[in-house]
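What follows is one structure encoded as structure tokens, with my remarks underneath.
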Amino acid sequence: MSDKRTVGVIGAGSFGTAIANLLAENCHVILYERNAEVREAILRDGRNRNHIMHADIELTDSLEEIATRCFLLFPVIPSAYFKNMIIDFSPYLRPDHIMIHATKGFHCEFDIDTMKPYDLKLKQIKTMSELIREETAIVRVGCIAGPNLAAELAEHQPAATVIASRFDEVIHEGITSLKSDRFQVYGNRDLLGIELAGVLKNYVALASGALSGLGYGENARAMLITRGMAEMIYIGKALGADKRSFLGMAGIGDLIATCSSPKSRNYSVGYRVAKGEKLADVTASMNEVAEGIRTLKIAKLIVDHVGANAPLLQMMNKVFFEDFDFDKAIKMLMRFPVGNDAEYLDL
Amino acid sequence: MSYRVFNPQEYPLPYIIDDVSQWPIAKLTADSEAFTAAVQKAVLDKVTHKAKNDSSLKNELEKVLYQERIRLTQTPWKADPKDERQFWNNIKSKIVHLDSVNAGEEIHTSEEDILNEIVNRYTQEIVGHFDVSAFKFAKNILPIFFGRILNAAPGKWFKTLSANAKTIHEKIPITGDVDRIRNLAKKGTIIVTPTHFSNMDSIMVGWVLNELGLPAFTYGAGLNLFSIKLLSYFMSNLGAYKVDRRKKNAIYLETLKTYSREAIERGAHSIFFPGGTRSRSGALERKLKLGLLGTAVEAQKNNFKRFSDSTAPRIYVVPLIINYHFVLEADSLINDYLKETGKEKFIRENDNYSTSFGMIKFIFKFLSASSSLAISFGTPMDVIGNEVDENGDSYNHLGQYINVKNYFMNSGELTDDHQREEEYTKMLGEKIVSQYFKHNVVLTSHLVCFCAFELLRKKYNYIDIFTLIRTPVEDVRIDGKELVDAIERVKEQLKEMNKNNEVLISPEVRFTNEKVIEHGISNINLYHANSPLEKSSDGYYYSEDLKLLYYYHNRLEGYKLERYV
């Protein structure tokens, strides 16, 4: 074993593996994967999906081991499973652990499909960092968000990301363990803003995929990205985030990447649904979760509850869950009265 | 919440340390020279270190000089020492002289020397003393003094409330886990963080902590109060240190914070009013001043640094909520609030009392008039805000045992990180605020004023609050039945919240609605010449002073009770 510091990654999905590989350039990585078959396959093939595993990564199925051997932990688990993982993890976690998550989704304390906006309490919707704070003894939390398509990271293409935390210490730890010649890392103290940027961009990516599916080009996409970002700022401000977070790498940066790339899961779901496939069939055929579908429903609940202005989100909900016609939706959005350009900068 | 409740007759409780000279604050005074020297050295280190990183030290000194000269001309106080102007003129000439270094003089005053001189002056000004004999004198004389007031003034008011005059302990019920607080005071250093509504607070806090049998606490008292001779005698000899709120320069603030931190590290139990100044609006404090609070966090880290794990002295934070039926300064406070002054721009030297006689009159009015008030201790916490049990062990919100040292560790090492500590201080502040709300005791007067004002607000919803407050009082009436109904609804909600441990309520709040109104109104009107709320002969309620009604109403702000009015 090398004399590099040891850090833990929880979840060997596509993005978890990408993060583990990036970390392994500076650290010795323990990668937690509970599925024995996946672990064996990684050991046997030296790769996980399209990621070739770095030599400095070992595998474990023990959360206790990872908590004992590492101070710095990176959970990369889909939001729907995050709570169960963190509850299992909690008995081993202490205040000297630092946790930086890379999950771009919300946790909900209710059934998303039956909740009504007027019954909603905002406290019931949590970001992953809030969940970590609530379910563990850890206080030094942060998140990673940015334009980081796992497939491109696997090819060692250059990329950048943001580490956000209320603690400079967490940002520093994140940067020193992740930064490399192929990976630039920025810091941001607005944890909520960066988490929201990472989550909310999901539904804009769905919309972008849908635009392509309908055969529209780059003018339409540029309009979508720009106004999508404006919507994200409106929702973010209503929840207490700083607008500047949406103008950086995790906001506009991530939007451009996920809205332009067929490699993005959310994008391809949008694309296929617009091409006429049933949403249920599309999600059933994917081996990893597209957060965008959950985000669509949860963001709508938030917007209806706080009264933020988000026409794109409303239309996306109509076409995805109410069989509303795509063309009609686009027509309605195009007729939507607009004001000055870049008005969100004055918020 | 299950803890032993003491009967009024059991107070005062025996001191946890019999020998007064062995109290932490007495030992601090005995060791005064080493203590102030340590403070000075720490300030010098910090300021010179910071100056190296940011700007030059000379720059820093010039800034201080500039700010101090403005203070001298704009807000001179009686309490200022006679040679104040001379001192700063002297500093000025020394700073000017610094430039002649270039001329090649060999012997000159260095920047560090000037800094040292300033810090020395500040430290000497701030430092408090605890005099054992003065304490014993006060202990013997004050009960006689207060007893006199109580017995001299049972007057008409008490007869309407109860057949016999009450003792001070019956008048002022104390709630909270007293046993746990006493235990923790034996094991570590206690920081009491009271709400701040009145100048009476510091006297009340000092009194209640003494009743609990705790050794004397140190606390920062406004420099202006030291110009009142009687008060000055007690404060200077009973451990108060001086805080000059006019001095906002970086070096002074650093000295003050270092003083507090060193005192805590040396085991001196301390009182911080985290609201900074008295609540102007009458509402519970929600935004705290974190400067002094941060010294508790830093002191805890330093203790972990200096001692091995098991012996490092622990620091415990205990919120304290003082509830008055009425606040003597309500009128001037709410006026300040409405003018939105009095907070930063302008600090009065003279408040409601500025002479010994005025002060005694003030206390007399207070003790003779108040029928009951409530003092409520919150749950003891560590400096991060975790609950602490009677053994001094921390448990987080999940009930997990917590080693507090771990909060200051990174990769197995205890590290200094100022920004980290600032975040912890914010977290602690949030916990203190939530305890204020949880352990606040709702009194009948608060409830009645809240409902009455909210009814008015609803009735006149087309005008803003400030216009409403200025409406001629004869135009503003509240229907008796509406008030009763509103109180019923808010009361039910309060009882529900009480079951969920979200608020405390005084026994009188459980009376019938009519009795609640009667009790509330009679208590609040004991003091104010113009009644905040009064009943007319034809069953209406009216106010002779809407500003005061608004002020007392604000006490229940933040509980989202408006919905139930």
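Scope of the values below: all heavy atoms of this structure, side chains included, with no hydrogens, waters or symmetry mates. Quick note on labels: first sequence line is chain A, next is B, and so on, each numbered from 1.
Here the closest heavy-atom approach between residue A:D168 and residue B:Q419 is recorded as N-OE1, 2.7 Å.
Of the listed residues A:R94, A:E135, A:R5, the one with more heavy-atom pairs under 4.5 angstrom with chain B than any other is A:E135. Looking only at heavy-atom pairs under 4.5 Å with chain A, the residue among B:M427, B:R420, B:E422, B:M409 that has the most is B:R420. For the set B:T415, B:N396, B:I402, B:L398, the count of heavy-atom pairs under 4.5 angstrom toward chain A peaks at B:L398.
Judged by distance alone, the side chains of A:E173 and B:S411 never bring a donor and an acceptor atom under 3.5 Å apart.
Only the side chain of B:K426 comes within contact range of chain A, with at least one heavy atom under 4.5 Å from a heavy atom of that chain. If you measure heavy-atom distances from A:L72 to chain B, you find no contacts under 4.5 Å at all. For chain B, the nearby part of A:T136 is the backbone; its heavy atoms alone come within less than 4.5 Å.
Counted within 6.0 Å of NZ on B:K405, heavy atoms from surrounding residues, nucleotides or ligands total more than 12; the atom is thus considered enclosed. Within 6.0 Å of NE2 in A:H54 there are more than 12 heavy atoms belonging to other residues, nucleotides or ligands. Heavy-atom neighbours of B:Y462 OH from other residues, nucleotides or ligands within 6.0 Å: above the threshold of 12. Residue A:D181 qualifies as open at atom CG: its count of foreign heavy atoms under 6.0 Å is 12 or below. Summarising the local packing, CZ of A:R34 is surrounded by 12 or fewer heavy atoms from other residues, nucleotides or ligands at distances under 6.0 Å. Heavy-atom neighbours of A:Y81 OH from other residues, nucleotides or ligands within 6.0 Å: at or below the threshold of 12. Within 6.0 Å of OH in A:Y186 there are 12 or fewer heavy atoms belonging to other residues, nucleotides or ligands. For A:R244, the CZ atom counts as loosely surrounded, since its 6.0 Å shell holds 12 or fewer non-hydrogen atoms of other residues, nucleotides or ligands.
With a 4.5 Å cut-off on side-chain heavy atoms, B:N410 and A:F71 do not count as touching. A 4.5 Å side-chain heavy-atom check between A:D96 and B:N403 finds every atom pair outside the cut-off.
Using modelled atom types, no side-chain atom of B:E423 and backbone atom of A:R140 make a donor-acceptor pair closer than 3.5 Å. Using a distance-only test at 3.5 Å, with no hydrogens or angles considered, a donor-acceptor pair links the side chain of B:H397 to the main chain of A:R133.
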Query raised in the report: Run the side chain to side chain contact (heavy atoms under 4.5 Å, CB included) check on B:D417 and A:F167 step by step: do they pass?
Result: CA-CA 10 Å; B:D417 186 331; A:F167 292 88; over 6 Å; no
